[in-house]
There are 2 protein chains.
Amino acid sequence: MNPSPEESARELLEVIPVVMRDIRSQMRSRRSPDLTVPQFRALGFVDRNRGSSLSDVAYHMGLTLPSTSKLVDGLISRGLMAREEHPDDRRRLKLAVTRRGLSTLETSRRATLAYLSAKLGNASGEQRELIVGAMGALRSIFSATAYREQGVK
Amino acid sequence: MNPSPEESARELLEVIPVVMRDIRSQMRSRRSPDLTVPQFRALGFVDRNRGSSLSDVAYHMGLTLPSTSKLVDGLISRGLMAREEHPDDRRRLKLAVTRRGLSTLETSRRATLAYLSAKLGNASGEQRELIVGAMGALRSIFSATAYREQGVK
DNA sequence: TATTGTTATACTCTATAACTATA
DNA sequence: TATAGTTATAGAGTATAACAATA
């Protein structure tokens with residue numbers, strides 16, 4: 001018998017924050033102190049989508065433009081990302097990860113994956129299969145989210 | 001063939017933040033603006049573990065004592081939680097959820113579960129089964145985390 | 001001296017409101 | 001007028017360092 005939506009929701013609400021906190025703690029720890037989770041995600045997105053605008057990043061991350069602007073600001077001021085001019089539309093940004101940003105991203109990714117892999121290595125193969133399957137399902141359920149209208153008065 | 005720890009880690013790192021952001025956004029939205037995710041979790045923990053000390057909460061949440069102190073402070077100043085004196089050890093707190101805190105917790109929980117249930121209702125029963133199974137596995141993998149030594153010089 | 005918690009300080013994350021520049 | 005982005009402001013989350021009170 002399959003679990004109800006309610007039961008599944010309860011499980012998600014209990015477990016997701018716990019896993020998330022663990023990931024966040026790891027990223028803040030000595031081993032990979034360079035990027036926070038949102039910084040990591042933004043950098044990774046722009047790396048995979050070179051030339052993205054700020055709005056693209058905001059949409060992907062499910063953040064407002066001001067939040068995204070500030071987030072990106074921090075990355076730019078640290079030399080991890082670069083702002084270029086868009087040829088056609090001068091309002092628009094073209095974002096790109098710098099060489100240094102890429103190296104930081106890789107270091108952070110390696111450290112975090114190593115940390116998580118060690119934990120997941122203690123689980124059984126069946127458990128990992130469950131997890132990977134569930135992540136696929138969750139991705140399709142949750143990724144079409146994001147973007148709430150900007151409150152233009 | 002079962003997925004490797006590395007592959008599983010990669011999936012986790014991609015999907016968990018997306019789901020988490022969605023939950024956080026929902027909690028911040030008009031429908032349940034009363035509690036943030038950490039507030040919700042702290043209140044829920046103390047509700048299930050009446051008389052917990054601050055350290056108990058910190059341990060459960062994987063936070064430092066100062067962070068937890070501030071978090072609990074906010075709940076107390078809003079009348080959602082109460083600090084009582086411990087009979088045996090006057091350094092220790094005994095925390096309890098107030099009636100108003102309980103009602104806020106219930107409202108928030110209902111709204112969030114309804115939101116998540118609606119999303120999960122669009123998934124198939126098999127997908128929900130995967131998800132519930134994976135949450136169980138993740139719980140056992142990640143819940144023994146928490147607590148880094150306090151930096152007492 | 002060790003433990004429990006608080007206060008001081010600082011940064012990041014995130015939002016809304018108001019604004020600028022460009023289209 | 002509509003769109004892309006920034007700036008101003010504010011509150012929550014989180015940490016480390018330093019402290020106070022109690023054991």
Side-chain angles (χ1 to χ4, degrees), chain A residues 17 20-30 33-42 52-59 61-78 83-95 146-153, chain B residues 17 20-30 33-43 52-59 61-78 80 83-95 146-153:
Chain A
M20 188 65 199
R21 170 149 321 289
D22 200 68
I23 293 175
R24 196 182 292 127
S25 288
Q26 149 61 21
M27 285 208 170
R28 283 209 182 129
S29 76
R30 295 101 223 134
D34 290 323
L35 297 174
T36 64
V37 173
Q39 288 166 354
F40 177 85
R41 290 221 296 146
S52 293
S53 70
L54 194 69
S55 298
D56 294 335
V57 180
Y59 180 82
M61 309 255 315
L63 297 177
T64 61
L65 274 175
S67 298
T68 311
S69 180
K70 207 171 159 188
L71 176 60
V72 164
D73 245 18
L75 293 169
I76 289 176
S77 71
R78 286 167 62 196
R83 228 187 293 250
E84 300 162 11
E85 289 210 349
H86 195 287
D88 304 346
D89 185 341
R90 290 181 47 203
R91 292 171 304 183
R92 222 175 190 105
L93 298 186
K94 277 184 59 180
L95 296 170
Y147 217 49
R148 292 158 302 288
E149 283 310 314
Q150 302 300 319
V152 179
K153 191 186 49 188
Chain B
M20 189 63 199
R21 171 148 322 287
D22 200 68
I23 293 175
R24 198 182 290 126
S25 289
Q26 149 61 20
M27 285 209 171
R28 283 208 182 131
S29 75
R30 294 100 224 134
D34 290 324
L35 297 175
T36 63
V37 172
Q39 287 166 354
F40 177 85
R41 290 222 295 147
L43 215 46
S52 293
S53 71
L54 193 70
S55 299
D56 294 334
V57 179
Y59 179 83
M61 309 256 314
L63 297 178
T64 61
L65 272 174
S67 298
T68 311
S69 181
K70 205 172 158 188
L71 176 60
V72 163
D73 246 18
L75 293 169
I76 289 176
S77 70
R78 287 167 61 196
L80 305 180
R83 229 186 291 251
E84 299 164 12
E85 289 211 348
H86 195 287
D88 304 347
D89 184 342
R90 289 181 47 202
R91 291 171 305 183
R92 222 175 189 106
L93 298 185
K94 277 183 59 180
L95 296 170
Y147 218 50
R148 292 157 303 287
E149 282 311 313
Q150 302 300 321
V152 179
K153 190 187 49 190

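Residue numbers start from 1 in every chain, and the chains themselves are labelled A, B, ... in the order their sequence lines are given, proteins ahead of strands. What you see is a predicted model; the values in this text were computed from it and never measured.
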Applying side chain to side chain contact (heavy atoms under 4.5 Å, CB included), can you list everything that pairs with [X], at least two apart in sequence or on another chain?
{"X": "Ser69(A)", "result": "Leu54(A)"}
{"X": "Thr36(A)", "result": "Pro38(A), Gln39(A)"}
{"X": "Ser53(B)", "result": "Ser55(B), Asp56(B), Arg92(B)"}

Salt bridge (Lys or Arg N to Asp or Glu O under 4.0 Å) partners for [X], two or more places apart:
{"X": "Arg28(B)", "value": "none"}
{"X": "Asp73(A)", "value": "Arg83(A)"}
{"X": "Arg91(A)", "value": "Asp89(A)"}

Hey, what bend do you get for the helix from dT1(C)-dA23(D) to dA23(C)-dT1(D) if you fit axes on five pairs at each end, rounded to 10°?
20°
Would you mind reading off the distance between [X] atom [atom1] and [N] atom [atom2], rounded to a whole angstrom?
{"X": "Met61(A)", "N": "dT14(C)", "atom1": "CE", "atom2": "C1'", "answer": "11 Å"}
{"X": "Leu65(A)", "N": "dT14(C)", "atom1": "CG", "atom2": "C1'", "answer": "13 Å"}
{"X": "Phe40(A)", "N": "dC13(C)", "atom1": "CZ", "atom2": "P", "answer": "14 Å"}
{"X": "Leu63(A)", "N": "dG5(D)", "atom1": "CG", "atom2": "C1'", "answer": "15 Å"}
{"X": "Leu54(B)", "N": "dT3(C)", "atom1": "CG", "atom2": "C1'", "answer": "13 Å"}
{"X": "Arg83(A)", "N": "dG5(D)", "atom1": "CZ", "atom2": "P", "answer": "10 Å"}

For DNA chain C, which residues of residues 67-74 of chain B approach it to below 4.0 angstrom with any heavy atom?
Ser69(B), Lys70(B)
Would you jot down, in residue-number order, the residues of residues 84-92 of chain B having a non-hydrogen atom under 4.0 Å from DNA chain D?
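Going residue by residue through residues 84-92 of chain B, the ones with a heavy atom under 4.0 Å of DNA chain D turn out to be Asp88(B), Asp89(B), Arg90(B), Arg91(B).
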All side-chain hydrogen bond (donor to acceptor under 3.5 Å, both in side chains) counterparts of Asp34(B), not counting sequence neighbours
none
Less than 4.5 Å apart, any side-chain heavy atom of Val37(A) and any of Met20(B)?
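They are not in side-chain contact.
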